Amino acid sequence: MSTDQPPPGPDAPRDRDSSDPSAGHPRANGSPYGERTAGTDPYAGMPPLGHLGRRLIARIIDALLIGIPVGLVMSAVVGGYDPVDGNVRSTTVTLVYVLVYFLYEGLMLTRDGQTVGKKAMRIRVAILANGQPPVGQAGWVRAAVYALPEIVPCCGFLFWLINVLWCTWDRPYRQCLHDKAAKTVVVSAVP
């Protein structure tokens, strides 16, 4: 790889999978909350950003880890479950799933910044300002903005969809809306 390539633009992703030779270097003006006029990049010195594919697989693992047991227990308690039918049973199952997922995510993130899926995919959540796990309020805010909007009929799913897709176009930190609300970023857990 040639060293005489120009540095990446301000919107270029910074992750280990990038072919950019400058991918590991901090950006001076990147901020998820608008232009920074003074100071350094809060991401400087942190591990590379977590790959979007790993993030997706981690979410799938977590959804199955919570969804299968909740689905089995709730099916035994309330009878059958049809997610398309908007009856009381379906609403109850969805509500229980969302609340269990919220508790799972909040507890896991505030403990060490990783859920079971994130551990399996070797990624973690870090506070953007200092790289530490999102203990306390930040972990709970992130979990709430991710899981709880699903409770709102129709609009909740639309918000959730926009939220999780946000990281595909967000630059430079590839944050979803729940990351922006908690001021977190997903990074590699591999040193």
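Remember, it's a predicted structure, so these values are computed and weren't measured experimentally.
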Is a donor on one side and an acceptor on the other found under 3.5 Å between the side chain of R142 and the backbone of A182? no

Please report the interatomic distance OH(Y146) to CZ(R59), rounded to the nearest 0.5 Å. 4.5 Å

So, for Y101 and A147, which heavy atoms are closest and what is the spacing to 0.1 Å? CD2-CB, 4.2 Å

Using the rule that two of Ile, Leu, Val, Met, Phe, Trp, Tyr join whenever any of their side-chain heavy atoms come within less than 4.5 Å, decide whether V135 and V186 are in one cluster. no

Exercise: identify the closest heavy-atom pair between R124 and G131: NH1-O, 3.0 Å

Supply the atom-to-atom distance H178 NE2 to F159 CZ, rounded to the nearest 0.5 angstrom. 9.5 Å

Non-neighbouring partners of E150 that pass side-chain contact (heavy atoms from CB on, under 4.5 Å), sequence neighbours left out: V98, F157, W160

Roughly how far, to the nearest 0.5 Å, is NZ of K118 from CD of E105? 5.0 Å

Check the pair Q175 / K180 against side chain to side chain donor-acceptor pair (under 3.5 Å), numbers first and verdict last. CA-CA 6 Å; Q175 292 174 299; K180 290 192 177 291; 3.3 Å; yes

Are any of the side-chain heavy atoms of K183 and V141 separated by less than 4.5 Å? no

Taken in chain and number order and not counting sequence neighbours, the residues that satisfy side-chain contact (heavy atoms from CB on, under 4.5 Å) with V100 are I66, V70, V96

Of all heavy-atom pairs between G50 and I123, which one has the smallest distance, and what is that distance? CA-CG2, 4.0 Å

Testing the basics here: between C176 and N163, what is the closest heavy-atom pair and its distance to 0.1 Å? CB-O, 3.2 Å

Heavy-atom side-chain proximity of V185 to D179 below 4.5 angstrom: no

Spacing of L148 atom CG and L95 atom CG [to the nearest 0.5 Å]: 9.5 Å

Side-chain heavy atoms nearer than 4.5 Å, only ILVMFWY residues, links allowed to pass through others: does that put V152 and L158 together? no

Quick one: name the residues clustered hydrophobically with I60, using the 4.5 Å side-chain heavy-atom rule over I, L, V, M, F, W, Y, and just say none if it's on its own. L56, L64, I68, L72

Kindly compute the distance separating CH2 (W140) from CG (L103), expressed to the nearest 0.5 Å. 5.5 Å

Please give me the minimum heavy-atom distance between S188 and P47, naming the atom from each residue. O-CB, 3.4 Å

Exercise: identify the closest heavy-atom pair between G117 and I61: CA-CG2, 3.7 Å

For the CG atom of L165 and the CG atom of L177, what is their distance to the nearest 0.5 Å? 10.0 Å

